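Computed from heavy atoms alone, side chains included, the values below leave out hydrogens, waters and symmetry copies. Throughout, residue positions are numbered sequentially from 1 according to the sequence presented. Being a predicted model, the structure only gives us computed values, none of them experimental.
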Amino acid sequence: MTATRRSPGRPRDANVETTVLDSVLEVIETEGLGGLSMDEVAHRAGVSKATIYRRWQSKEDLLIDVMARLSESVAAPDTGSIRGDLITVVSGVTTFMRSGSAGSIFPWLVGEMAAQTDIGRKYAETVIIPRRHALAEVIRRAVERGELHDDLDVELAVDMLTGPVILRKLMGFFRPVGDDWAEALVDRLLEGWRPGV
C-alpha cells in the first residue's frame, strides 16, 4: 500500500481503509475521475478528511491503492501449462482493463508514468513492476519445464504478451472480445516461443 508511513499510536482500522477505497471506486463510477475529491470520498465513506490524510498523503495515493487492489485479481497463475497460464493472464488483464473503475484510471496513470511524475513512478513501483515480475516468473517456469526456448528473452516476451491488451485500451479498441481473442494471441506468440521453431 502507498499510504504514508505509520506513526506510533493506535492500530489502524482495516475496515476504514476498505470503506475509503470502496468510496473512491463509487465516486469514480458515478462522477468520473474528474469528480474525485477528498471531500467527496470522506462524505461517502462517512469519515473525516483527517482520517483519510492519516493514511494517504493525496488522492493520487488513494488511486494507486485502488488500482493495486483491483489488479490483485490479475494474479500469476500456475495451471501446469504455459498455454493455460498465459490465456488466464491475458483474459484477466482484458477483464481488468474493461472494468469501469480500472478502465477510467489506467489511461491517466499511463500518462503519468510516461511523464515520469512522482505519481507515475509510484504506480509503476507499486503495481506495474511487481506484476511484470510475476508474469516473467510464469514464463521462466515454462522455460525450465522445457515448454519454451531456453534462450527466450523473457522481458521481451512479457512486452509481447501485455502490449496488445494495453494498446487496445489506450486506443479505444476495447470492443467486446471473447475468450477466443486471448487464445488467438497466446497461440500466435507460442508459435515462435516453443522449442523446435
Side-chain angles (χ1 to χ4, degrees), residues 1-6 10-77 88-115 117-135 162 164-179 181-182:
M1 182 167 150
T2 60
T4 56
R5 186 172 296 169
R6 281 184 57 181
R10 290 186 310 175
R12 288 189 177 154
D13 182 350
N15 291 330
V16 169
E17 294 181 354
T18 298
T19 300
V20 169
L21 294 178
D22 286 344
S23 297
V24 172
L25 289 173
E26 186 180 316
V27 172
I28 292 169
E29 288 169 1
T30 58
E31 308 295 329
L33 190 56
L36 184 67
S37 70
M38 290 300 220
D39 285 326
E40 186 62 21
V41 171
H43 172 71
R44 294 193 188 219
V47 300
S48 68
K49 282 203 298 182
T51 297
I52 296 175
Y53 278 115
R54 278 196 295 271
R55 293 160 171 79
W56 297 274
Q57 292 180 347
S58 66
K59 71 178 182 181
E60 289 80 11
D61 284 338
L62 268 173
L63 286 171
I64 290 176
D65 276 3
V66 165
M67 288 297 279
R69 190 173 77 164
L70 289 172
S71 63
E72 285 173 359
S73 61
V74 187
T88 300
V89 167
V90 173
S91 297
V93 173
T94 300
T95 299
F96 173 73
M97 291 292 188
R98 290 172 58 197
S99 76
S101 302
S104 298
I105 304 169
F106 181 76
W108 174 72
L109 284 170
V110 168
E112 294 298 305
M113 286 192 296
T117 63
D118 286 343
I119 191 70
R121 283 192 291 272
K122 285 182 184 178
Y123 179 61
E125 292 166 3
T126 305
V127 180
I128 299 299
I129 292 172
R131 277 150 186 80
R132 279 186 64 89
H133 288 166
L135 179 53
T162 57
V165 183
I166 294 170
L167 181 63
R168 277 186 172 233
K169 176 61 187 177
L170 296 181
M171 298 297 291
F173 296 153
F174 249 134
R175 56 190 179 277
V177 294
D179 291 339
W181 184 81

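Scored by the salt bridge (Lys or Arg N to Asp or Glu O under 4.0 Å) test, Glu40 finds Arg44 as partners (sequence neighbours excluded). In this structure, the side-chain contact (heavy atoms from CB on, under 4.5 Å) partners of Ala50, at least two apart in sequence or on a different chain, are Ser48, Arg54. Residues meeting the side-chain contact (heavy atoms from CB on, under 4.5 Å) test with Ala45, sequence neighbours left out: Thr19, Val20, Ser23, Val47. Residues that satisfy the salt bridge (Lys or Arg N to Asp or Glu O under 4.0 Å) test with Arg132, not counting sequence neighbours, are Glu155, Asp159. Scored by the side-chain hydrogen bond (donor to acceptor under 3.5 Å, both in side chains) test, Lys49 finds Asp39 as partners (sequence neighbours excluded). Applying the side-chain hydrogen bond (donor to acceptor under 3.5 Å, both in side chains) rule to Ser58 yields the partners Glu60; only residues at least two apart in sequence or on another chain are considered.
Remark: Ile64 CD1 to Ile119 CD1 distance equals 3.0 Å, nearest 0.5 Å. Atom OG1 of Thr117 is separated from atom NZ of Lys122 by 9.5 Å, given to the nearest 0.5 angstrom. Atom CE of Met67 sits about 10.0 Å away from atom CG of Leu25, to the nearest 0.5 Å. Residue Ile128 holds its CD1 atom at 6.5 Å from CD1 of Ile166, rounded to the nearest 0.5 Å. Thr51 OG1 to Trp56 CH2: the interatomic distance, rounded to the nearest 0.5 Å, is 10.0 Å. The distance from the OG1 atom of Thr126 to the CG atom of Leu109 is 10.5 Å, given to the nearest 0.5 Å.
Here the closest non-hydrogen pair linking Lys59 and Leu36 is NZ-O, 3.1 Å.
Contact check for Trp181 versus Val165: side-chain heavy atoms found under the 4.5 Å cut-off.
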